[in-house]
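Chain naming here is simple, since letters A, B, ... match the order of the sequence lines and numbering starts at 1 in each. A quick note: this is a predicted structure, and the numbers were derived from the prediction, not measured.
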Amino acid sequence: MELTEQEIIRRQKLEELQKQGIEAYPADLWEVNFSSTEMLSGFDTNPDKFSNISFAGRIMSVRDMGKAAFAVLQDAVGRIQIYVRRDDICQGEDKSAYDTVFKKLLDIGDIIGVKGFVFKTKTGETSIHVKELKLLSKSLRPLPVVKQDADGNTHDAFTDPEMRYRQRYLDLIVNPQVKDAFVKRTQLTSSMRHFLNAKGYMEVETPILQPLYGGAAARPFKTHHNTLDMTLYLRIANELYLKRLIVGGFDGVYEFAKDFRNEGMSRFHNPEFTQVELYVAYKDYEWMMNLVEEMVEKIALDLHGKTEIPVGEHIINFKRPWKRFTMYEAIAHYTGVDITTMDEDALATAARGMGIHIDKTMGRGKMIDEIFGEKVEAHLIQPTFITDYPVEMSPLAKKHRSKPGLVERFEAICNGKEICNAFSELNDPIDQRKRFEEQLELGIRGDEEAMQLDEDFLRALEFGMPPTAGLGIGIDRLSMIMTNSHSIQDVLFFPQMRPEKKEVQEEAN
RNA sequence: GAUUCCGUAGCUCAGCUGGUAGAGCAAUACACUUUUAAUGUAUGGGUCCUGGGUUCGAGUCCCAGCGGGAUCACCA
């Protein structure tokens with residue numbers, strides 16, 4: 001490995017520290033009694049509280065004034081200025097702790113511990129006056145130094161998306177707003193978990209390695225178990241396992257699930273992503289719509305303190321109740337064409353009239369889906385429920401109680417994208433078998449995303465599953481909206497990337 | 001997968017019709033005991049993504065590849 005000039009210098013400093021008997025990576029704990037924000041927000045009203053503080057953080061910048069210096073330390077929640085005076089940290093005649101160790105051997109990026117008191121500088125900045133300073137971890141690589149001027153403009157920002165995603169740790173260190181998005185994401189799942197727990201539903205874990213993949217239409221990742229000598233798939237959904245638990249007698253179960261789909265990548269798609277799925281016995285999809293509204297409204301309030309949230313060009317308002325359209329109403333509303341009573345031929349003609357490409361393999365359901373995707377979805381900016389989907393597209397949803405050819409299903413669309421998908425679950429085992437068989441036929445005709453027939457799941461249904469409402473929410477998509485992020489990569493700590501260099505991969509193999 | 005833009009110092013970038021590379025920050029050295037994009041002076045630092053080609057000469061032009069972004073397609 002070739003070292004750069006600055007890396008060589010830092011390693012030399014490390015040696016010099018060792019020579020002076022200073023451990024660059026000490027083992028003992030360093031007590032921290034206040035965070036940066038606690039000091040910054042608390043000092044004005046209660047200065048006495050901070051007369052003896054112990055703090056730790058990463059050096060983000062240094063302003064060296066000769067025999068005194070200012071530096072900025074960053075901890076997990078913010079940044080605070082420290083003031084280091086030579087005669088304070090060197091009590092005796094020996095001034096090397098300041099002149100050599102602090103000024104020469106410490107760098108931007110190093111993690112240090114300081115003790116002292118909080119005070120206000122001449123210019124009014126709340127700062128730590130350091131009495132004692134200790135190196136806690138030496139940094140061997142130079143940190144990009146991002147500067148902020150008096151007007152709040154950022155200079156030399158660390159922006160290269162490739163480096164930001166590959167070296168997320170670095171992104172998190174130097175770009176505080178990046179951290180904010182991830183904190184919000186965690187608040188989101190936490191808010192959701194509290195909501196579901198408060199309703200009495202049980203958080204469960206189900207297999208990620210599955211012998212049959214089911215519960216969605218997608219291509220899976222395939223792997224192999226050596227001892228069992230069998231093919232296993234990474235789950236594309238956990239629906240069929242959660243329903244087995246409803247059969248088993250649980251009233252409400254949910255799981256935050258990493259799912260895996262072996263498909264294209266885009267700013268909305270990562271090969272592994274997170275969904276929460278929820279199943280509640282004795283409920284239907286109407287009930288579930290109310291739950292989704294209530295839950296998402298609460299999330300908005302928990303994250304932002306209000307229901308209106310800026311997303312790109314728009315302000316999205318999650319306040320209940322949300323608009324509700326049936327699929328047919330939505331299409332009629334945005335295209336002016338009522339397709340309710342159209343047969344397949346009439347529908348094909350109507351779709352072509354809208355400029356939608358139709359081919360012979362498409363059934364009625366697929367055509368409706370195309371029309372919706374092309375002509376309606378992008379217009380739905382404010383949260384909107386679309387209900388009553390064609391049965392062909394929904395092999396796990398229950399037939400509509402009054403509308404032939406449709407199922408009791410809804411999606412919530414927001415900012416032109418689906419954020420959840422739910423139905424009254426199909427619990428008729430005879431019907432479910434038929435639907436699986438139709439999927440098998442699709443598979444034989446070459447549909448790589450057709451569902452597999454899961455005999456054990458059917459056996460479970462044959463024992464009897466109560467009427468059940470089921471829901472899946474894309475956590476990544478919802479996080480994007482709640483954090484106003486343009487790309488899924490901004491809400492995933494480590495988005496999938498190609499290997500950095502070919503040589504690296506070859507060496508590893 | 002398609003289109004398009006990009007890849008130059010640790011970071012952010014400039015580099016014209018081709019003439020063997022430049023700034024700011026960071027680094028090094030010196031000065032400065034309340035600064036805040038601290039300041040002043042001096043210095044060092046480059047496989048110009050990789051490999052070919054054209055040319056007397058390529059960071060620049062051409063071809064191929066690698067990596068990334070955006071848009072589209074795919075993905076309910």
*asked:* Students often get this wrong, so: under 4.0 angstrom with heavy atoms, is A:E125 touching a base, only sugar-phosphate, or nothing?
replied: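 Counting heavy atoms under 4.0 Å across all strands, the contact made by A:E125 includes a base.
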Tell me whether the OP1 or OP2 atom of [N] has a side-chain N or O from [X] closer than 4.0 Å.
{"X": "A:K147", "N": "B:A26", "value": "yes"}
{"X": "A:R63", "N": "B:A38", "value": "yes"}
{"X": "A:H129", "N": "B:U35", "value": "no"}
{"X": "A:Q489", "N": "B:G69", "value": "yes"}
{"X": "A:K366", "N": "B:A76", "value": "no"}
{"X": "A:R267", "N": "B:U71", "value": "yes"}
{"X": "A:R141", "N": "B:G10", "value": "no"}

Minimum-distance nucleotide (side-chain atoms of [X] versus [options]):
{"X": "A:A217", "options": "B:A26, B:G24, B:A76", "result": "B:A76"}
{"X": "A:T121", "options": "B:U33, B:A76, B:U34", "result": "B:U34"}
{"X": "A:M65", "options": "B:A70, B:G68, B:U34", "result": "B:U34"}
{"X": "A:M497", "options": "B:A76, B:A37, B:G68", "result": "B:G68"}
{"X": "A:P161", "options": "B:G69, B:A26, B:A70", "result": "B:G69"}
{"X": "A:F70", "options": "B:G10, B:U35, B:A76", "result": "B:U35"}
{"X": "A:M393", "options": "B:U12, B:A76, B:A37", "result": "B:A76"}
{"X": "A:H155", "options": "B:G67, B:A37, B:C25", "result": "B:A37"}

